[in-house]
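Below: one structure, written as C-alpha cells.
The chains referred to below are lettered A, B, ... by the order of the sequence lines, with proteins before strands, and numbering in each begins at 1. In what follows, every heavy atom counts, from backbone to side chain, and hydrogens, waters and symmetry copies are set aside.
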Amino acid sequence: MAKIWLMKSEPDVYSIDQLIKDKTTWWTGVRNYQARNFMMKEMQLGDIVLFYHSNAEPPGIAGLAKVTTLAQPDPSQFDKKSESFDPKATAQKPNWFCVEVGFERKFKNLISLDELRKNSKLQNLLVLKKGQRLSIQPVEKTDYLEILKMEKK
DNA sequence: GCCAACGTTGGC
DNA sequence: GCCAACGTTGGC
C-alpha cells in the first residue's frame with residue numbers, strides 16, 4: 001500500500017507551480033540523514049507526497065505529488081558549483097540519494113499551517129510539532145484523509 | 001563517547 | 001530580521 005509523505009520546499013526555491021511546468025523533478029539537495037533514509041529505504045513507486053511550502057507566506061500544503069522513480073544518487077553532491085556539493089561523496093560511494101516526484105494536483109486553496117493547527121484531528125501530524133525541521137516526514141493515512149477533507153471546505 | 005560550539009531551518 | 005530548536009562537527 002502506498003505510503004504518504006510530506007515534503008517541504010521553499011517556494012522561492014522550488015514551488016508547486018514549477019513542478020506543474022516540469023511535471024517531474026528530482027528531489028535533490030536533501031542533506032539530512034533521516035530524510036535521506038526515508039527516500040532511500042522507505043519510499044516506493046506511487047507513494048503520495050503532500051507538497052509543503054515552507055518559509056512561505058503563508059506556509060502550508062500546496063498540493064499533491066507522487067513518487068515516480070525510486071532513489072538514485074543525488075547528482076548535486078558531485079557538483080562543485082552546487083551548494084549541496086559534498087566533498088566526501090564519490091561516484092563509487094555516494095552519500096546522498098533522491099527520488100523523482102511527479103505532479104499530481106494543486107489544491108484550489110493552499111491549506112495553511114494555521115488551518116492545519118486548528119484541526120484538532122491532526123494531532124499526530126509531525127509538521128505541527130514545535131521545532132520539527134525535518135524536510136521529509138511520514139504522514140499517517142488518517143491524517144492524509146482528513147487533510148483531503150479540509151481541501152473541499 | 002561527551003558535549004560545547006556552530007550552522008541551519010523555518011515560523012513568526 | 002529574530003531566534004528557538006535542532007543536527008552536525010570536532011576537540012578532548
Side-chain angles (χ1 to χ4, degrees), chain A residues 3-22 24-43 47-67 71-101 103-140 142-144 146-151 153:
Chain A
K3 294 195 179 98
I4 300 139
W5 306 94
L6 180 144
M7 296 174 83
K8 297 181 187 173
S9 183
E10 300 189 27
D12 289 348
V13 178
Y14 196 90
S15 68
I16 197 161
D17 290 323
Q18 190 61 45
L19 184 60
I20 291 173
K21 285 182 203 155
D22 295 343
T24 63
T25 192
W26 288 98
W27 208 267
T28 58
V30 169
R31 294 295 178 267
N32 170 286
Y33 287 106
Q34 211 181 335
R36 179 203 70 175
N37 289 343
F38 284 142
M39 288 198 282
M40 231 170 96
K41 299 178 176 169
E42 299 205 32
M43 284 196 186
D47 277 5
I48 295 159
V49 174
L50 301 173
F51 196 108
Y52 182 88
H53 280 175
S54 62
N55 255 323
E57 188 48 55
I61 300 169
L64 299 176
K66 70 176 175 188
V67 176
Q72 309 289 325
D74 177 346
S76 68
Q77 70 194 305
F78 308 123
D79 178 2
K80 283 191 178 145
K81 289 180 216 133
S82 167
E83 281 186 20
S84 305
F85 174 66
D86 181 351
K88 285 178 262 178
T90 63
Q92 289 72 34
K93 221 180 167 190
N95 207 7
W96 303 106
F97 288 76
C98 57
V99 296
E100 184 194 54
V101 303
F103 176 73
E104 279 287 300
R105 183 155 65 82
K106 183 180 174 179
F107 289 162
K108 270 197 208 104
N109 301 296
L110 176 129
I111 303 176
S112 70
L113 183 61
D114 200 41
E115 287 171 76
L116 294 168
R117 281 227 167 85
K118 283 178 181 157
N119 188 334
S120 59
K121 289 182 186 159
L122 296 178
Q123 285 173 0
N124 293 326
L125 198 65
L126 291 175
V127 78
L128 301 181
K129 296 233 163 84
K130 192 176 170 187
Q132 182 50 272
R133 305 186 311 174
L134 192 58
S135 67
I136 299 176
Q137 307 175 353
V139 174
E140 289 180 19
T142 48
D143 288 343
Y144 167 64
E146 184 61 28
I147 289 164
L148 290 187
K149 276 188 208 162
M150 293 173 73
E151 185 203 358
K153 280 175 191 164

What pairs of nitrogen or oxygen atoms, one from the protein and one from nucleotides 4-8 of chain B, lie under 3.5 Å apart?
{"unit_1": "B:dT8", "atom_1": "O2", "unit_2": "A:R133", "atom_2": "NH1", "d": "2.3"}

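The interatomic distance linking A:L134 (CG) with B:dG11 (P) rounds to 13 Å, in whole Å. As a whole-Å value, the separation of A:E10 CD from B:dT9 P is 7 Å. In this structure, CD1 of A:I61 is placed 15 Å from C1' of B:dG11, rounded to the nearest angstrom. For A:L110 and B:dG11, the CG to P distance is 11 Å, given to the nearest whole Å.
The pair A:D114-A:K118 counts as a salt bridge, with a side-chain nitrogen and a carboxylate oxygen less than 4.0 angstrom apart.
At its two ends the helix from B:dG1-C:dC12 to B:dC12-C:dG1 runs along axes set 10° apart, each axis drawn from five pairs and the angle rounded to 10°.
In this structure A:D74 satisfies the side-chain hydrogen bond (donor to acceptor under 3.5 Å, both in side chains) test together with A:R31, A:S76, sequence neighbours excluded.
Residue A:K8 places at least one side-chain N or O under 4.0 Å from the OP1 or OP2 atom of B:dG10.
Applying a 4.0 Å cut-off to non-hydrogen atoms, the residues of residues 121-131 of chain A that approach DNA chain C are A:K130, A:G131, listed by residue number. Remark: A:N32, A:Y33 in residues 28-37 of chain A come within less than 4.0 Å of DNA chain C through at least one heavy atom.
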For residues 53-63 of chain A, run the donor-acceptor check on the side chains, cut-off 3.5 Å, and write out each pair with its distance to 0.1 Å, sequence neighbours left out.
{"unit_1": "A:H53", "atom_1": "NE2", "unit_2": "A:I16", "atom_2": "N", "d": "3.1"}
{"unit_1": "A:N55", "atom_1": "ND2", "unit_2": "A:E10", "atom_2": "OE2", "d": "3.4"}

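Residue-environment remark: NZ (A:K121) stays at or below the threshold of 12 foreign heavy atoms within 6.0 Å.
The nucleotide whose nearest atom lies closest to any side-chain atom of A:R117 is, among B:dG10, C:dT9, B:dC12, B:dC12.
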